[in-house]
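Lettering follows sequence order; numbering is per chain, from 1.
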Protein chains: 2
Amino acid sequence: MTDSKTILNQWADEGEVEPEASYAVDHALSSTLMRGLEILALFNDSVDRLSNAEIARQLGLNRATVSRLCKTLIHMGYLRRDPKGQFLLAPRILALSYPVLSATRWRHQLVGPMREIAEMSSGNCTLAVISGDQFVQVYSVGNPTSFPHVPEPGITGPLHRSASGRALLSLLEGQDLYDMLANLRHNFPDEFEEHSSLTADAITRCRTEGFCASYGDWRPNIVALGTPLGKTSDGLYVALACGLPRFSAREDYVENDLGPRMAKAADSIRMTGLFESPFFLK
Amino acid sequence: MTDSKTILNQWADEGEVEPEASYAVDHALSSTLMRGLEILALFNDSVDRLSNAEIARQLGLNRATVSRLCKTLIHMGYLRRDPKGQFLLAPRILALSYPVLSATRWRHQLVGPMREIAEMSSGNCTLAVISGDQFVQVYSVGNPTSFPHVPEPGITGPLHRSASGRALLSLLEGQDLYDMLANLRHNFPDEFEEHSSLTADAITRCRTEGFCASYGDWRPNIVALGTPLGKTSDGLYVALACGLPRFSAREDYVENDLGPRMAKAADSIRMTGLFESPFFLK
DNA sequence: ACAAACGTTACGATATTTGAAATATATAGG
DNA sequence: CCTATATATTTCAAATATCGTAACGTTTGT
């Protein structure tokens, strides 16, 4: 424990990441565009429709401003209105994602192995990549009904607090990892501290044993295993994870059976040459 | 043929749709936001990376402007740069889609029937909804490798020139259909004329026989069958389609075997009560 | 029926965005 | 290797697009 703390501190202890930026309004950025995108990002799993006033409240904007921005978003086809006048995301928003999906054709080759993992864990298996300081789920197989959330492409989550995320972090090397951790610490000061030793352990474990486990660190009722895959030719870091309901996950089984098997699956996926091997395996 | 022309003309012949708008800069819309979104929309199946200059050229913007907008998009996490400095969509863009996908939970109940259709046609089966004047594919099953494109959520296509689109059009009633057709004619004058009789026939056929066929009207080498499903509780029009390579699609088989079977499949899907039945079946 | 909350439009002030020009960096060609 | 061309970013002042106030019309709820 002290050991792992030390490792993490070594990596990302002192020093401000961005001396002053990030909260101050950066005059090199376009605030109108940001606000428009922030409106789109307000929608999520549980909030699928929003009123003008609600948007204004949440973003601290004037109602008139929101009205105009939403009108623009509707004009562009990314928003629609329900009969009551509330705003909804329009399906056309999927079109923005299409190029990302079609650029990850390699994904299809992982369907087989992922199915196997999902079956052997009686849970689901997901594929995630790093985007910014989050992981983004790109694909998933398995039974969705047994989960509190809907595992679909586009779910995002914290890199330092989930099995997927930690497996992804383990792929970062030297300065890259340092920067990312510093960034995470900066953005989630409390949370980061709370999970720092678990995160450090998980990273180390991914590198030595090929997998890591999270017992509800992110979604309370889900036990997850993560395993790093590598980096694609266009620079995406990729990891696999599998998740199962907490009640059906005996620790002994997870650590000594499922974990090693996932590591093995990852090994054989890497054999295909789809990814640049992690630095710690070279 | 003259018959079908008449039908269509009846629906949407004379009259300008929007007296003057649509090309003139609408001062009620936010141009900065539009430009930012237009940048994201430049990416597609074949164009996965763009330079600043290329973006500026395509959108007719100053390079400095593009630089700032892209910086903003990167800051928001929706764009990234490759080693050469070119811009790429970041996976985080998938996160915008997630609420749309998770809102269409009913989709999971169609997986079974869709698999069957894909198998019996030795092609693929796709689920599409209307968004604006396009259809958007929401889900697909089947073998992707035999196709020239990658069938993934997010593909968009023309409502008047594809089996999916025509099946969706058949669901629109009265004024709604009239408006949509007028809109399509306005946006694609030549194309619309060229396909008008086929479109009219297809709509009629969907309503009477439950399906329509397109022999390469959209993707030249693909024969597609479309069948209307209905309207979801939150107002989305939904249709199924199946596509197969042209060479393996004998017309007799398509018309007299596959088509009726798709119509039958659609019927039994409608029995589940997931959708509000089409007006022409009430 | 009234009050309160909401959504949209108009309009003037102003803050944000824009494009030109300059700088810096990269790429290609001779 | 150097020059020439293309590209990306920054600065800055001008301009204009955006914002918020206020007013209006609607809806909702008491």
Closest to side chain of [X], choosing from [options]:
X      : options                   : value
K71(A) : dC19(D), dT9(C), dT9(D)   : dT9(C)
S31(A) : dT17(C), dA17(D), dG20(D) : dT17(C)
N62(B) : dG19(C), dT9(D), dT16(C)  : dG19(C)
N52(B) : dG7(C), dA8(D), dT8(C)    : dA8(D)

Charged N-O contact under 4.0 Å between E54(B) and R57(B):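 Yes.
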Carboxylate-amine/guanidinium contact R80(B) D48(B), below 4.0 Å: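 No, this pair does not count.
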Closer than 4.0 Å, any side-chain N/O of [X] to the OP1 or OP2 of [N]?
X      : N      : result
S67(B) : dA8(D) : no
R81(B) : dT9(D) : yes
R68(B) : dT9(D) : no
R57(A) : dA5(C) : no

Write down the distance between [atom1] ([X]) and [atom2] ([N]), rounded to a whole number of angstrom.
X      : N       : atom1 : atom2 : result
I39(A) : dT18(D) : CD1   : C1'   : 14 Å
M34(A) : dA17(D) : CE    : P     : 22 Å
R35(B) : dT18(D) : CZ    : C1'   : 13 Å
R63(B) : dT25(C) : CZ    : C1'   : 12 Å
L29(A) : dT11(D) : CG    : P     : 13 Å
L69(B) : dG19(C) : CG    : C1'   : 13 Å
L79(A) : dG7(C)  : CG    : P     : 13 Å
K84(B) : dT27(C) : NZ    : P     : 9 Å

Closest-nucleotide 5' rank along DNA chain C - winner of Q86(A) and T32(A): Q86(A)
Earlier contact from the 5' end, DNA chain C, for A64(A) and L61(B): A64(A)
Tell me the closest heavy-atom pair linking [X] and [Y], and the distance in Å.
X       : Y       : answer
P228(B) : A167(B) : CB-O, 3.5 Å
A239(A) : S164(A) : CB-O, 4.2 Å
L50(A)  : V47(A)  : CD2-CG1, 3.5 Å
S170(B) : F280(B) : O-CE2, 3.3 Å

Terminal helix-axis angle for the helix from dA1(C)-dT30(D) to dG30(C)-dC1(D), with five pairs defining each axis and rounding to 10 degrees: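 Helix axis angle between the two ends: 50°.
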W106(A) and F275(A) aromatic ring geometry - parallel, tilted or perpendicular at 30°/60° bounds: perpendicular
Short side-chain to backbone donor-acceptor contact, T72(A) and S30(B), under 3.5 Å: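 Checked: pair present.
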Touch class at under 4.0 angstrom, heavy-atom based, for A53(B) against every strand present: sugar-phosphate
